[in-house]
Amino acid sequence: MELRAGSQSVKILQDISFEVFTNQVVAIVGPSGSGKSTLLGLLAGLDRPTQGSICIHQTDITTLTETEMAHFRRKHIGYVFQAFHLIPTLTALENVALPLELQGISTGTLRAKTLLQSVGLEHRLHHYPVQLSGGEQQRVALARAFIVRPPLLLADEPTGNLDSSTGALVIDLLWELHQEHGSTLVLVTHDMSLAARAQRILTLRDGAMVNETLPPLLSSGSEA
Amino acid sequence: MIPVSIKLAWREIHSAWSRFLFLFLCIALGVGAIVAVDLFAVNVAQVILGDTRALLGGDVELAWRRAISDKGQKILDSLAHRDIILSHVTEIAAMATVGSPTSQTPLPKIASQLVELKAIDSAYPLYGRLVAEPDLPTAQLLNPLQSDCGRSPCFGALVQESLLIRLNLTVGNELQIGQGNFIITAVLKKEPDRIANGFSLGPRVMISREALKATALIQFGTRVQERYRLSISDSTSLEPLMGELRGRLSQEGAQVSSFRDAQPRLRRFLDQLNLYLGLIGFTILLVGGIGVACTIQGFLTQKIPIIATLKTLGADSSQIIRLYLTQSLILGVIGSLLGVIVGIVLHQGLPLLLQDIIPETMAVNPTVSPILRGLVLGTLATLAFSLWPLLAIRHVSPALVYRQTVDHQQKIANTQSRLTHWRTILKHWWNDRAQVMVSLSMLMSVTGLAMWQAHSPTLGVFFSGACAVSVLLLLGATGILYRVLRHVPIPQRYLLRHAVRNLQRPGNFTKAMTLAIGIGVMLMTTLTIVQRSLLDLIGNQIPSQAPSFFFIDIQPDQYPQFVKVLQQNFPGSPYKLVPVVRSRLTAINGQPIDPEEHKGQRNGWYFTREYVLTASRDLPKDNVLSQGEWWDHTMEADSDGATRIPSDFPLVSVEEDAAKHLGLTLGSTLTLDIQGVPIVAKVGSLRQVDWGSFSINFFMILQPGSFDGAPFTYIATTRVPTTLEVPLQQAIVAVMPNVTAINVGDVLENIGRIFHQLAMGIQALALLCLVTGSIVMIAAISINRYRRLHELAIVKALGASRRLLVFSLGVEFGIIGTFAGLVGLGLGCLLSWSLLYFFFDLTWTFDLILLSTGLLLTILLSLMTGFLATYRLLGFPPLSVLRQE
């Protein structure tokens, strides 16, 4: 993966190859600027690699057009950001229902309500993001990511903007939802205690994969 | 349930409505102008088409420009037996006097005024209602008690208020017209068969038919309008009657018209006026469209994080474009609704600006269809102008959600530079199908809307083509100017450098602002130059030797008396008397002319008009022979003075243009009907006439002796110093009450006034275009106000005083104003030159004072607009701004 700034280009990621299996939880760790977020973005099809390929569910997403990628993403990938990225002009309920509506499903509100209940926000349905605390916002973001029941959930430093107790609550929820929905979970973090809860840990440094820790309870399965 | 996307669209507007304030204004002014003009047009149509019977004065009108022939009278009499009610109205220009016309002093003390006299019978009006004050029965007002008369016998006269003002009279005062004595019995408030006041020679005076006889104004050859109005019963069908009347009366010189074709000229004039006003309104909407595009683009720049987020959630570009189009739709509807309110308010004002041109009975009522049309036009225009900036959504990468370092501004700025640099535009145009489609659909929608606005496909295409060329020229010229600016050495002073650099910064809408103001300046310049040239033509170009008075209807036996009054009282004043007869063209080369065939045709009036003929021994001074020869006058008179026609037919010299339109060449024959007597003349020569010389000129001049025995009168012209104009008019009218005096200055003043009103109406709209341009500028500046605020705070924190910052901003806005002024004035000159050269056949003159004033005003406007948009930013303490970072 290269990024271009004016006439100069910088290699952000190179020689990275790994497979993730269904239902697995994989943590990507590494120092700031090591390319963790970029790697996650590539997996979500938000960026395009300059070389190589990425296969998800037997689809090489690097060959998809922008629109095909968007349609693929809306069905297969959930994304949780460090900065939440809720739409400020929509209420919690509307934010959660939005991905379903983008798919043309009009009954999203009911499912969104159930999901918000499951993240403990049934009393905050009609609040706007600005009226919610950081932890609440991230819980809304979690509900939004899970509403389409994505086979693959990507989380980019989901607790990065939260204090430790709120962060722990969010992580517990993330795990609960992951187990409940059976999604494959890839998360980027620099919190090693969080990474330790994963089944595999990939370590990046200067854009290259330097280490892979395989915890003993690795479950095998088909390619995600 | 409302879809989330619509909620999102609405909430984004709701949460940032102040950001869309200028967008609303841009649309509202354009829609307002269109709605106002449309409402005005509908009201005009309601009057003209609404009660056409009242306007014509009957179901059918038979009009003569002379007294009716015996045969004609017989035909009219025969109609009385067929369940047809007839009303006879006579119109004539006359002099009304107050004082003692019978006094024998050389210059009697009287006041006189040219009036439009109308004699009515008891059946008048057949349709509609005559309104007078006091509101008494018309018969009573026209025939007052003889005991009320100071001078018996007397008749009643209903007069327009302007006559009372001009002659300092009130109801109950006396008045003389011709040989008749009148007492003013009422003020005329509404005449059902009169549509607009502007085009008249003088105030209306309404009298009875008996009174008209008493005035003795109608003599042989007097310029008169005889109108016979017919009211037919429901059982009589109109078309066969019209056919019959045309067949029986056309040869008698009657113009036969029905209520269905009432007021064709006025209708055409007002239609044209509304068309041009409407197109100016549409131009305002297009200028407002630039503001829409800038606002949407600026808004999108701030929405990039949201767009990126939506993309990560799986929204594709077309979904997001649709979402923001929904938003534009809502914005367009709100702006257009505001526009409707603006339109209704403007609509109340427009008739005030054009009060002499519009029908006096016109009501100012808002109607539904123009309002709906305004709403649709405004909304569609908003959508059309939003589409282009919305395409930038496709270039927003979802990766922006995590790669925060990528400069959002840069991203959209790149998109914008793609939109403003012509070479990149062309390149992308070819490479990007969506861009091609959007460009085409924009062009097509503007063309479509223009077609709808102009009610004509050809004019719509022509208008949008002209718009496209103007915009390209404006953009090209602006591009060149800003390119030149780039090559000017960079100023040493930081604040100057900052100002110049700011203009060139991507995302600053500099060219859009220049364009928006430039279009307004172009429109104003064009209108001002054209108006000046036309006013010059009316007023300032009258030759110094031009006559100051025309006297018409001088009877042959009054000739010596007229000359005597002039020579005795105004010695040394040049004068000229010319014999004239009125005639109609009935055949060319023996082929009869059917007036119906030429009605409504372009230049058809050459066939249908009344020709005033004269006979002259010599070629008039200002005329130039272009073909043929002038008659050899030595051959025409015998030694005893009797005239003799040498050829089989008398010769006629025809004005060149008339000959062209009538298809006449040397040797063609014309049959002219002089008060029922046909005479045939052969075209002996063609002449060029300078109509601007204000001398007496004729389309057709006959050989002397050609109309001997015909009922001719004399027209006289004379020139006296301004101070003697009133005494001259009084002296002539006192001795010859039947002679009508027309003051050239008054007539020109009247024409000038109407023209001025027209120009005012059009210019008021053009001014609105300039205002819209300013609002576009404010909108464009406001989009970047946070960036500007931040920069100002830093410069302030570094020690720049407010005075210096004002200077820097002044340079920036001054350059925009200068460029907009130069480009707008330049194109305005080009456009006005084309209009004057191709349409008005006038020469364009370079007016340095006008152009430099225009430039200065544009710079001033730009400075004022710029400071209006930024003055609040200057007041923020720098620390509070920087702390928020």
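We name chains A, B, ... by the order of the sequence lines, and we start the count at 1 in each one.
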Close side-chain approach of Ile306(B) to Pro88(A), heavy-atom, < 4.5 Å
yes

Tell me whether the count of non-hydrogen atoms from other residues, nucleotides or ligands lying under 6.0 Å of CZ in Phe18(A) goes above 12.
yes

Gap separating the OG1 atom of Thr309(B) from the CZ atom of Arg144(A), nearest 0.5 angstrom
6.5 Å

For the residue pair Leu46(A) and Ser397(B), what are the closest heavy atoms and their distance?
O-OG, 3.8 Å

CZ/Arg205(A): more than 12 non-hydrogen atoms of other groups inside 6.0 Å:
no

Determine whether a donor-acceptor pair (N or O, by modelled atom type, separation under 3.5 Å) exists between the side chain of His71(A) and the backbone of Gly314(B).
no

Any donor-acceptor pair under 3.5 Å linking the side chain of Arg73(A) with the backbone of Lys311(B)?
yes

Could you please spell out the steps behind the side chain to side chain contact (heavy atoms under 4.5 Å, CB included) verdict for Thr312(B) and Ile77(A)?
CA-CA 9 Å; Thr312(B) 62; Ile77(A) 299 169; over 6 Å; no

Using non-hydrogen atoms and a 4.5 Å limit, figure out which bit of Ser15(B) sits close to chain A: side chain, backbone, both or neither.
side chain

Which one of Leu102(A), Asn95(A), Leu100(A) satisfies the side chain to side chain contact (heavy atoms under 4.5 Å, CB included) criterion with Leu313(B)?
Leu102(A)

Side chain, backbone, both or neither of Leu323(B) within contact of chain A (heavy atoms, under 4.5 Å):
neither

Supply the atom-to-atom distance Lys7(B) NZ to Leu98(A) CG, rounded to the nearest 0.5 angstrom.
11.0 Å

Taking atom CH2 of Trp17(B) as the centre, report whether more than 12 heavy atoms of other residues, nucleotides or ligands fall under 6.0 Å from it.
no

So which atom in Ala315(B) and which in Ala70(A) form the shortest heavy-atom distance, rounded to 0.1 Å?
O-CB, 3.8 Å

How far apart are the closest heavy atoms of Arg394(B) and Glu66(A), and which atoms are they?
O-OE1, 3.5 Å

Pick from Thr67(A), Leu40(A), Leu90(A) with the largest number of heavy-atom pairs that fall under 4.5 Å of chain B:
Leu90(A)

Please check: side-chain N/O of Glu12(B) versus main-chain N/O of Thr89(A), any donor-acceptor pairing under 3.5 Å?
no

Phe84(A) versus chain B, the contacting section by heavy-atom distance below 4.5 Å:
neither

In Å, rounded to the nearest 0.5 Å, how long is the span from CG of Leu8(B) to CD of Glu94(A)?
8.5 Å

So which atom in Asp316(B) and which in Arg74(A) form the shortest heavy-atom distance, rounded to 0.1 Å?
OD2-NH2, 3.6 Å

